[in-house]
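I have placed the structure first, in the form of structure tokens, so that the comments after it can refer back to it.
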Amino acid sequence: MMADLHECVSELERWATGRAVVLTGSGNTFCSGGELQTVQKILHKGGDMCKLMQFTTSRLYSLPLISVAAVNGHALGGGAELTTACDFRVMTTKAKIGFVQARMNVSTGWGGGTRLIGLLGRTNALLLLSSGQVLNADQAKALGFVNEVFDTEDIASEARKWINKTLVGDFTVTRNIKQMVLEGANMEDLAYTRERELFTKLWGSELHLKALNANMKHK
Ligand SMILES: CC[C@H](C(=O)O)C(=O)SCCNC(=O)CCNC(=O)[C@H](O)C(C)(C)COP(=O)(O)OP(=O)(O)OC[C@H]1O[C@@H](n2cnc3c(N)ncnc32)[C@H](O)[C@@H]1OP(=O)(O)O
């Protein structure tokens, strides 16, 4: 699966006229995480596995397309991480999503923990990751983790319909917007630096001192 996903992402990167992509699972599972038998065999290679999956999932996350995870069944562990590498998530009423890594006495490694903080904020991310809670559709929707819930056996086609009715404009516009949002999100480091610089300009200035000396009360 890891190698196949890597190949698919490479193909999508070459798709110059694409607008959107839907990621779903086969049968009644979206992705139940690391294959437990394989995990036993690569216990000394956790870092290598993470490197590969972080590389693949961050490329998926950065595609110039709108990506939707159509969660058709369980998305557990690495499977839950995979859903965070998409721009949007939709799920069936019966599907379940759980960052169950802590139950296995590990933490996230495929980049999903970092992306979850961006998606839900620090408090909710910490709660989900440290509790290993498995969310049903209502809970995932209430948290804002999924965008839509559909009562269907064919979530991939619901996802396609949802994309088609949601996205407007030419495909070049969608790709431009995605690029802008990606670059905007990457500006966070720069924003911190600018915030510090701007603060320093005022800190200790005449105006600041005047306010301090006035012994203001903020009632
Ligand atoms: C960074 C990644 C991280 C890590 O690996 O460290 C993780 O991903 S941690 C999370 C690892 N995944 C799990 O712990 C999931 C374990 N599986 C389950 O909880 C259930 O199987 C479930 C909920 C996915 C499906 O339950 P259901 O009752 O519907 O079916 P079965 O349990 O009978 O499962 C069918 C069949 O699939 C096999 N299976 C399911 N998940 C895995 C897996 N992760 N690795 C290997 N095999 C898996 C299960 O053993 C059954 O096989 P069978 O031969 O039919 O008995």
Side-chain angles (χ1 to χ4, degrees), residues 1-10 22-63 67-122 124-143 145-146 149-156 158-159:
M1 183 284 273
M2 297 185 196
D4 287 347
L5 186 64
H6 180 81
E7 265 315 298
C8 284
V9 171
S10 301
V22 173
L23 179 71
T24 196
S26 63
N28 57 6
T29 305
F30 175 78
C31 171
S32 63
E35 194 184 356
L36 297 172
Q37 298 80 350
T38 308
V39 167
Q40 297 274 5
K41 291 187 207 141
I42 57 161
L43 288 175
H44 56 298
K45 287 190 170 170
D48 290 342
M49 177 188 68
C50 282
K51 251 192 220 161
L52 169 68
M53 286 309 284
Q54 283 191 0
F55 181 56
T56 305
T57 56
S58 65
R59 281 166 59 219
L60 171 58
Y61 192 61
S62 304
L63 283 173
S67 54
V68 182
V71 185
N72 53 315
H74 280 94
L76 298 177
E81 293 195 55
L82 216 45
T83 70
T84 66
C86 291
D87 298 313
F88 302 113
R89 280 149 293 285
V90 299
M91 70 192 286
T92 69
T93 45
K94 290 184 196 141
K96 302 261 171 74
I97 303 175
F99 293 84
V100 296
Q101 285 85 344
R103 296 183 186 200
M104 314 285 293
N105 284 324
V106 289
S107 48
T108 54
W110 296 1
T114 303
R115 289 187 294 266
L116 192 65
I117 302 167
L119 283 170
L120 297 186
R122 173 183 163 143
N124 281 328
L126 195 53
L127 193 59
L128 281 192
L129 295 172
S130 54
S131 67
Q133 187 190 353
V134 177
L135 301 171
N136 63 29
D138 288 342
Q139 292 165 325
K141 184 78 167 57
L143 267 175
F145 186 68
V146 295
V149 174
F150 295 103
D151 187 4
T152 178
E153 297 293 314
D154 187 0
I155 189 74
E158 288 300 332

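Predicted model only: the values in this text are computed from it and were never measured. Atoms within a ligand are numbered from 1 in the order they appear, just like the ligands themselves.
- Of the N and O atoms on the side chains of Ser67 and Asp87, at least one donor lies less than 3.5 Å from an acceptor on the other residue.
- Counting only heavy atoms from C-beta outward, the side chains of Cys86 and Val68 never approach each other to under 4.5 Å.
- Atom CH2 in Trp110 sits 9.0 Å away from atom CG in Leu5 (nearest 0.5 Å).
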Candidate pair Met104 and Leu36, rule side chain to side chain contact (heavy atoms under 4.5 Å, CB included), full reasoning: CA-CA 11 Å; Met104 314 285 293; Leu36 297 172; 3.7 Å; yes
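- The residue from Ile97, Val90, Leu135 that alone fulfils the side-chain contact (heavy atoms from CB on, under 4.5 Å) condition with Val146 is Ile97.
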Do Ser10 and Arg59 pass the side chain to side chain donor-acceptor pair (under 3.5 Å) test, and can you show the C-alpha distance, the side-chain angles, and the key distance before you say yes or no? CA-CA 8 Å; Ser10 301; Arg59 281 166 59 219; 2.9 Å; yes
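- Contact shell of ligand 1 (protein heavy atoms, cutoff 4.0 Å): Ser32, Gly33, Gly34, Glu35, Leu36, Gln37, Val39, His74, Leu76, Gly77, Gly78, Val100, Met104, Val106, Trp110.
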